[in-house]
There are 2 protein chains.
Amino acid sequence: MKADILQVAVSEFSVKGLSGTRIDEIARRTATSKRMIYYYFGDKLGLYREALESEYRRAREGEGEIDFSGLDPVDALRRLVEFTFDFHREHPDFVAMIAHENTQDAVHLAQSEAIRKLNQGAVKQVGEIYAEGVRRGHFRPGLEPVRLHWTISALCFYNVSNRHSFSAGFGDTIHSEAGQEEHRRFVVDLVMRAVMSNSQSAEISRFVSQEREEPCSPADKCPHPPLR
Amino acid sequence: MKADILQVAVSEFSVKGLSGTRIDEIARRTATSKRMIYYYFGDKLGLYREALESEYRRAREGEGEIDFSGLDPVDALRRLVEFTFDFHREHPDFVAMIAHENTQDAVHLAQSEAIRKLNQGAVKQVGEIYAEGVRRGHFRPGLEPVRLHWTISALCFYNVSNRHSFSAGFGDTIHSEAGQEEHRRFVVDLVMRAVMSNSQSAEISRFVSQEREEPCSPADKCPHPPLR
DNA sequence: TGACAATTGTACGGTATCGTACATTTTAGA
DNA sequence: TCTAAAATGTACGATACCGTACAATTGTCA
């Protein structure tokens, strides 16, 4: 019941934002009544806060799932970027709510504890991979983990948050289903190029747009095989 | 008068979005009255549309300003990224309105002609620089201009659009005034690393966080001098 | 079953908000 | 100055919207 309300609330808030969302509209779309919304959440802001946190909880759930066991830093970073890319695509409401928050100085985000923890975890994760990569000589030193995390976030977030305006301006080359598969490789490649030590970048980073390449043959030597 | 209304409207819409914005509030903040808003713009949606387009117009104004004369493709691309970075920082309302649009599938953006033109111009610009860079052997071939533009946009847009949530999560290392100066170099470097041909990347792309480096001496040999 | 808490339905009060009717003033040009 | 169009002020109608009062029902546990 509460969960039902929250789900509808998220879908409304993610589109209209806090002040644009109507409680009556949420009630209408819910199996329950407006009365219950106030019963459970007190008022509109209470509902908003819980909706925001519930999205963060869902986000955090998936976070620990990545299995880096047996991966060297280069592959681990690849996988981390792939995961982040996929995660954002799978949670457009999460992305949209954060976008709304930012247009209002992220005041409600800033008040919540849950967020800080989630983010800290993400930076720690990328920091460990990066440090190990530097130790082994694959990654160039001198980058801050937080900036590396920023880069991954920026690319993966924007890919979802701005997909409509970008498609409207440039067609759906990038945002079609097929386009996203290629774009995912491109984003991974961007991050790899950002961190690889210069001496090694040539052999690791090799994304080029597929339509400009000859098909690979033999296929098992293809430098950019389909992912998963 | 009309301009005054539009300016206030932009600042309201950029924060609250279309449905969250109150016409009475705009009227209150304006030197004129609510009556005049309806007189000039018909209704709320009309005002919204004009506010959106006026921001795009302002955006386009600055666009032609960049002077690439005498620059080789490498420096031209650097300058383009720097300009884009600065431009987004200087127009947070523009960024916020696009963010709002995206949470509603960018329907109003998609209806406007002005946008498409603006964007097409940006892609053409980066495409020409890129093509020349490839011809001269500085840039690796195989990238699509639209994807390159996407990359620059993503980094510059996210830097502004998500600054509040990012600061809330990680402090203002990146988003303080001083931090942004360094971050600008980092973003430029990211893009350069994305396009440089592998054989040349070592000598062109060399961003490292300043706090991790020894100060350069002699200073005139510093590989990353302060910009402008 | 009885007592008490948890849950839910119905109706409505008060205000916010969009948009307009109507009268009036100001401006521009002949 | 006369006239028509442009601009503006005031008041208000209609509805949307948040939140609540009050009663009623359902669940729980001894």
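Note that the structure is a prediction, hence the values are computed from the model and not measured. Below, read A as the first sequence line, B as the second, and so on, with proteins coming before strands; counting in each chain starts at 1.
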Would you give a per-nucleotide map of nucleotides 4-13 of chain C, 5' to 3', where B means the base has a protein non-hydrogen atom under 4.0 Å away, S means only the sugar-phosphate does, and - means neither? --SBBBB---
Short of 4.0 Å, heavy atom to strand atom, which residues of residues 12-29 of chain B count as contacting DNA chain D? none
Rounded to whole angstroms, how far apart are [atom1] on [X] and [atom2] on [N]?
X	N	atom1	atom2	value
A:Lys44	C:dA16	NZ	C1'	12 Å
A:Leu47	D:dC17	CG	P	16 Å
A:Tyr38	D:dC17	OH	P	12 Å
A:Leu45	D:dC18	CG	P	13 Å

Would you mind telling me which of A:Arg28, A:Arg22, A:Arg29 makes a salt bridge (charged side-chain N to carboxylate O under 4.0 Å, His left out) with A:Glu25? A:Arg28
Is any side-chain heavy atom of B:Leu77 closer than 4.5 Å to one of B:Val126? yes
Using a 4.5 Å cut-off on heavy atoms from C-beta on, say whether the side chain of A:Arg49 contacts that of A:Gln111. yes
Without placing hydrogens or testing angles, list every side-chain donor-acceptor pair under 3.5 Å for residues 154-161 of chain A, not counting sequence neighbours.
from	atom 1	to	atom 2	distance (Å)
A:Asn159	OD1	A:Gln180	NE2	3.0
A:Asn159	ND2	A:Gln180	OE1	2.8
A:Ser161	OG	A:Phe157	O	3.2

A:Arg193/A:Asp189 ion pair, N-O < 4.0 Å: yes
Between B:Arg185 and B:Glu182, is the closest basic N to carboxylate O distance under 4.0 Å? no
Aromatic B:Phe186 / basic A:Arg147 pairing, under 6.0 angstrom, 45° off normal: yes
Any side-chain to backbone donor/acceptor pair from B:Thr103 onto B:His100? Under 3.5 Å, distance only. yes
